[in-house]
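Ligands are counted one by one from 1 in listed order, and the atoms in each one are counted from 1 as well.
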Amino acid sequence: MSASGRSRGDFDQGWLFHKGDIPIPYAVKGGMTGGLTDCAQREEGEWLDIAYVNKEAQQVQDGWSPVRLPHDWCLDEQYVNDPELGSRAGSHGYLPTGIGFYRKRFAMPAGEHGRTIALQFDGVTGRSTVWVNGHLIGERFGGYTSFSYDISDVLRYGTEGDNVILVKVDATDFEGWWYEGSGIYRHVWLQSTNSLQVADSGTFITASNLSDEQATLRIETRISNKEELERPFELRTFIKESESGREVGALVMQSKVVDIGEKVIEQELIVETPRLWSPEQPFLYIAISEVYENNQLLDRYETTFGIRSLLFDADRGFVLNGSPYPIKGTSNHQDFAGVGVAMPDALIAYKLKLLKEMGCNAYRSAHHPPSPALLDLCDRMGMLVMNENRKLDSSSRGLEELSRMVIRDRNHPSVILWSLENEEVLEGTVMGARILRTMSKLTRKLDPTRPTMAAMNHGWSSGGYAEAVDIVGYNYGHRGADLDGRSKNPDRLIIGSESASFTTTRGIYEDDPVKGYCSAYGTSIPSWGCSPERSWSDVIQHPFLTGVFLWTGFDYRGEPTPYEWPCIGSHFGMMDSCGFPKDIYYFMRALWRDEPLVHLLPHWNWPGREGEPIRVMVYTNCDMIELILNGRSLGLRQVQPMSSLEWQVPYEPGELKAIGRNQGEVAAETERITSGKPHAIFLEADRLLIAADGADIAAIRVSIVDMRGYVVPYADTEVSFCVEGAGLLLGVGNGNPSSHESDRASSRRAFNGHALALVQAGSEGGGITVKAAAAGLLPAVLTVEAHPAAGAFMEEAALLGEGEERYV
Ligand code: GAL
């Protein structure tokens with residue numbers, strides 16, 4: 001037991017995984033919750049690995065392999081165009097789901113007896129069933145919601161023997177129309193607390209009356225008592241600055257809590273000269289809640305929070321800490337190359353870093369609640385979040401899912417909106433409005449500080465639907481917002497909840513329906529989509545639109561619009577599925593960031609097309625652009641705000657250069673150089689120092705370069721990786737939306753010059769050497785250091801934007 005009365009550690013290691021179903025009969029005696037474990041036999045002095053009701057599982061000796069969580073078993077499957085699934089196969093990226101089992105054996109020290117032991121899951125795909133020592137502990141459907149089981153009674157303590165957890169994951173039924181993966185794909189935790197404790201997600205901290213001098217904090221703390229007697233207690237609350245640890249306030253309150261029940265304590269405190277949270281300065285505080293009984297510390301619970309104000313205004317749009325703040329957002333699913341949905345925290349941080357580098361300040365977790373890790377990182381790295389509920393559903397289960405999301409996430413300063421649904425068929429109907437109103441009322445009661453919204457694609461003016469929420473989301477339809485929403489409802493709060501769906505494939509300049517590629521010029525965008533340029537200019541012209549969430553930041557598995565098989569992934573991203581920027585990324589970066597930027601497309605390798613006109617475009621935020629081909633100026637052009645420039649340039653190999661000027665002065669420039677043949681592999685890591693914590697990762701970006709070091713824009717060489725030392729190769733990818741190569745392999749073809757290898761640290765410090773080799777190319781070696789104490793400076797390193805220009 002920890003001195004603070006509470007211990008909580010990740011429970012991700014030491015699991016075994018079995019693919020496929022194992023029939024497990026329900027217990028008859030002892031009821032569904034078991035009670036039969038202790039009737040099970042001991043074999044050679046040990047309890048049966050999976051006792052009694054799970055005997056069949058025990059008999060499956062083969063086919064269990066060690067895994068570390070988070071885990072997504074779909075990555076071991078083959079891509080298959082299953083005719084039985086029809087279009088659903090494509091939605092899921094043609095990777096089959098199915099049923100899998102996880103089990104873990106562990107010992108529980110005798111000293112834990114009498115305490116409350118909770119097994120907590122951040123997210124398990126589809127339907128999950130959990131047994132502990134043969135007792136059925138719980139069943140859930142809903143892969144995006146965190147849940148927790150009290151397993152204290154059914155554990156074996158000390159000499160009673162080992163414990164076995166068995167988890168069945170049935171991912172057969174999809175919950176969405178995108179790639180959802182399969183497995184225990186988020187963290188698992190084991191928590192031990194006293195019987196008098198702060199309840200799970202038991203604090204709610206809000207700030208009001210903000211000024212430069214002061215902020216009023218209201219702290220609600222739910223104390224839970226699991227004993228059959230009323231208990232007096234003292235709650236001591238300390239507020240500290242997260243980084244410096246400086247205490248800025250403290251409160252003490254005595255009270256008592258009834259037997260087997262809860263007590264909510266409300267405290268108020270003034271913080272002098274509060275430091276406000278924003279994406280640019282994500283300043284955090286920590287509330288430490290200590291629960292004492294007879295002067296003995298029984299629990300110590302920490303809540304990270306931020307102080308900031310938010311307002312949605314019908315004319316000015318979003319106002320953060322008193323100033324208008326246009327939302328530069330992207331919508332995102334959670335998967336990534338190499339790992340599927342089983343995202344290590346460091347990879348989530350990598351994605352957020354890439355989005356921030358683009359100038360993005362907001363993340364929409366589409367179309368479901370994000371992982372707790374993502375929200376922690378958004379708080380720390382500075383990213384606003386639209387937190388989205390999965391379904392329009394006011395059944396008891398639907399409301400339970402919704403309230404779990406709100407109660408779990410309402411202390412995160414990054415969360416600014418509760419999106420209650422996305423594009424549901426009942427939008428605009430009176431029945432839909434009733435359901436939405438019920439959900440909205442519950443959400444407002446649980447959190448009066450943030451608005452509710454619905455991400456709608458129709459029905460904005462009928463059934464009273466739009467009126468059921470505080471803010472009306474316009475998915476794509478915001479271009480008609482002026483007609484449909486604004487003029488009829490001048491006071492309506494509006495947000496561009498989803499826009500663009502601009503389909504492009506990195507490094508491709510001609511649509512290719514056979515291979516399933518979309519040209520970077522954006523010539524095959526879907527009928528409902530538009531250019532990101534149009535999305536953003538709408539917001540600038542109509543501040544009441546509040547902002548926009550582009551569909552999407554990254555390509556994701558599934559939804560291979562506009563193609564189907566053999567294409568398996570989407571093309572909507574500003575970046576590909578490995579995080580390599582596409583041309584359109586630079587267009588947004590030029591709009592969203594202030595630093596002068598010039599980006600030129602396409603690449604300048606067009607053998608056999610000498611003399612033919614090539615469509616050349618420049619994305620920039622400079623005033624004037626001069627285009628220069630092999631030292632000859634092709635003229636100087638004025639740039640219209642929020643637009644691109646275009647030329648037809650007769651191809652000749654060499655150097656095409658664009659120089660950007662602001663008020664006559666050169667502000668930025670870029671060039672495209674005709675590369676020679678593939679000659680060597682070049683490796684670059686996002687971080688050269690990572691934590692030796694068994695989880696941290698380095699993203700190794702691979703380029704195929706010519707003799708002079710220029711990236712070969714068409715190179716598709718297969719690269720083999722060998723990782724030695726204090727880490728392992730976690731996965732690979734290349735951003736090709738039609739690649740059927742496995743992401744869990746030791747080699748990968750490059751796609752248009754690039755590939756990605758993810759390297760994961762082990763739990764011991766040392767060098768991790770990554771060797772990359774390919775037939776006919778010079779190999780490359782890179783060493784990443786895994787450091788036992790790297791955690792402290794990890795985050796800072798994650799924010800450094802190094803070397804991304806190589807990927808132009
Ligand atoms: C939207 C939907 C997204 C995705 C997108 C593709 O209507 O909300 O989930 O399907 O279209 O353009």
Side-chain angles (χ1 to χ4, degrees), residues 86-94 143-144 174-181 329-335 341 362-370 386-393 417 419-428 432 436 453-460 465 469 471-481 484 495-505 516 518 522-535 538 547-564 567-577 582 584 588 737:
S87 64
R88 294 197 309 149
S91 306
H92 203 254
Y94 299 98
Y144 301 105
F174 298 124
E175 291 183 71
W177 52 92
W178 54 90
Y179 176 77
E180 302 189 283
T330 58
S331 306
N332 293 288
H333 289 319
Q334 48 188 349
D335 66 305
V341 291
Y363 183 102
R364 174 180 181 218
S365 173
H367 305 295
H368 55 76
M386 180 199 287
N387 200 331
E388 195 156 88
N389 183 54
R390 178 62 219 98
K391 282 186 182 144
L392 179 73
D393 182 358
L417 285 160
S419 171
L420 303 184
E421 63 92 354
N422 174 72
E423 297 189 357
E424 289 276 352
V425 284
L426 288 184
E427 285 174 356
L436 188 63
M453 58 160 284
M456 301 171 62
N457 69 344
H458 66 285
W460 293 285
Y465 192 89
V469 279
I471 302 186
V472 185
Y474 282 75
N475 283 11
Y476 307 94
H478 67 278
R479 282 163 289 153
D484 198 18
I495 191 163
S497 41
E498 188 175 313
S499 188
S501 277
F502 190 70
T503 37
T504 63
T505 311
C518 300
T523 41
S524 56
I525 64 172
S527 56
W528 61 93
C530 68
S531 65
E533 170 182 341
R534 174 71 202 269
S535 298
D538 282 339
V548 77
F549 288 87
L550 299 176
W551 190 267
T552 46
F554 300 88
D555 283 351
Y556 51 92
R557 293 161 190 276
E559 278 211 304
T561 326
Y563 307 114
E564 292 179 351
C567 190
I568 54 164
S570 86
H571 300 252
F572 299 113
M574 301 293 111
M575 288 171 260
D576 71 13
S577 58
K582 301 182 188 174
I584 194 64
M588 292 318 295

N332 and T552 side chains, donor-acceptor separation under 3.5 Å:
no
Among residues at least two apart in sequence or on other chains, which ones pass salt bridge (charged side-chain N to carboxylate O under 4.0 Å, His left out) with E388?
R364
Which of these passes ring-ring contact (aromatic ring centres under 6.0 Å, His included) with W177: H92, H367, H368?
H367
On a heavy-atom basis, the closest approach of S535 and S499 is OG-OG, 2.6 Å
Could you pull out the N/O contacts under 3.5 angstrom between ligand 1 and the surrounding protein atoms?
| residue | atom | partner | partner atom | Å |
| --- | --- | --- | --- | --- |
| ligand 1 | 7 (O) | E423 | OE1 | 2.5 |
| ligand 1 | 7 (O) | E423 | OE2 | 2.6 |
| ligand 1 | 8 (O) | H367 | NE2 | 3.4 |
| ligand 1 | 8 (O) | N422 | ND2 | 3.1 |
| ligand 1 | 8 (O) | E423 | OE1 | 3.3 |
| ligand 1 | 8 (O) | E423 | OE2 | 3.3 |
| ligand 1 | 8 (O) | E498 | OE1 | 3.0 |
| ligand 1 | 8 (O) | E498 | OE2 | 3.1 |
| ligand 1 | 9 (O) | W177 | NE1 | 2.8 |
| ligand 1 | 9 (O) | H367 | NE2 | 2.6 |
| ligand 1 | 10 (O) | W177 | NE1 | 3.2 |
| ligand 1 | 10 (O) | E559 | OE1 | 3.1 |
| ligand 1 | 10 (O) | E559 | OE2 | 2.7 |
| ligand 1 | 11 (O) | E498 | OE2 | 3.4 |
| ligand 1 | 12 (O) | S501 | OG | 2.5 |
| ligand 1 | 12 (O) | W528 | NE1 | 2.7 |

Answer whether the closest heavy-atom distance between the side chains of S570 and T561 falls below 4.5 Å.
no
Aromatic contact, W460 with Y474 (centres under 6.0 Å)
yes
